[in-house]
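Source: prediction; values computed, not measured.
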Amino acid sequence: QVQLVESGGGLVQAGGSLRLACAASGGTFSNLAMGWFRQAPGKEREFVAAMRWSGTNTYYAESVKGRFAISRDNAKNTLYLQMNSLKPEDAAVYYCAATGAYRDYRLPAEYDYWGQGTQVTVSS
């Protein structure tokens, strides 16, 4: 059973940066696809970024492209989301997710495992 634990959220001023981490355990990760999603109050959970654990291709939502970067550290079994030039509209609970396979990496329903989420607050 894959377990995911996010960390790194917090309060930051607009224009600032945060790096989220997702520590993975309890499984073999080389065949997993990983994603970051976020959910603001009153809104649906939305795709932010994705990549395969064993690959190099990365995928981003248009709203974060050029500002956010997804990466991983195989030795630490940890997925990261570097967030730069943060905007108030980036404020949300950010979730890490994993799946053995997906047809559409943008859909939350494609993911089998989820972390508990970490809050990101951006002040204007």
Once you round to the nearest 0.5 Å, how far does [atom1] of [X] lie from [atom2] of [Y]?
X      : Y      : atom1 : atom2 : result
Leu18  : Tyr94  : CG    : OH    : 9.0 Å
Asp90  : Thr121 : CG    : OG1   : 11.5 Å
Arg106 : Phe37  : CZ    : CZ    : 10.5 Å
Thr78  : Leu20  : OG1   : CG    : 12.5 Å
Leu32  : Ser54  : CG    : OG    : 9.0 Å

> Does the side chain of Asn77 reach to within under 4.5 Å of the side chain of Trp53, using non-hydrogen atoms?
Replying inline: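 Asn77 reaches Trp53 side chain to side chain.
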> Any side-chain heavy atom of Ser63 sitting closer than 4.5 Å to one from Arg38?
Replying inline: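 Heavy-atom side-chain distance check passes, below 4.5 Å.
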> Are Tyr60 and Ile70 close enough, and set up right, to give a side chain to side chain contact (heavy atoms under 4.5 Å, CB included), and what steps lead you there?
Replying inline: CA-CA 9 Å; Tyr60 297 96; Ile70 188 172; 3.4 Å; yes
>> Strictly distance-based, threshold 3.5 Å: is any side-chain N or O of Gln3 a donor or acceptor partner for the main-chain N or O of Gly26?
In response: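 Between the backbone of Gly26 and the side chain of Gln3 there is no qualifying donor-acceptor contact (under 3.5 Å).
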>> Please check: side-chain N/O of Glu6 versus main-chain N/O of Gly117, any donor-acceptor pairing under 3.5 Å?
In response: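 The answer is yes, because a donor-acceptor pair under 3.5 Å joins these two groups.
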> Stepwise, does the side chain to side chain contact (heavy atoms under 4.5 Å, CB included) test hold for Met34 with Arg72?
Replying inline: CA-CA 10 Å; Met34 307 295 296; Arg72 69 183 186 277; over 6 Å; no
>> Which label fits Tyr95 and Trp114: parallel for a plane angle under 30°, tilted from 30 to 60°, or perpendicular past 60°?
In response: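 Rings of Tyr95 and Trp114: perpendicular, as their planes differ by over 60°.
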> Mind checking whether Tyr105 and Phe47 have parallel, tilted or perpendicular rings, split at 30° and 60°?
Replying inline: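 Aromatic pair Tyr105/Phe47 classed tilted.
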Donor-acceptor pairs under 3.5 angstrom involving side-chain atoms of residues 79-89: please list them, not counting sequence neighbours.
residue	atom	partner	partner atom	Å
Gln82	NE2	Asn84	OD1	2.9
Asn84	OD1	Ser17	OG	2.9

> So does Gln116 have more than 12 non-hydrogen atoms from other groups sitting under 6.0 Å from CD?
Replying inline: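 More than 12 heavy atoms, drawn from other residues, nucleotides or ligands, come within 6.0 Å of this atom.
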> What pair of heavy atoms forms the shortest contact from Ala50 to Tyr111, and how long is it?
Replying inline: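 Here Ala50 and Tyr111 meet closest at CB-OH, 3.8 Å.
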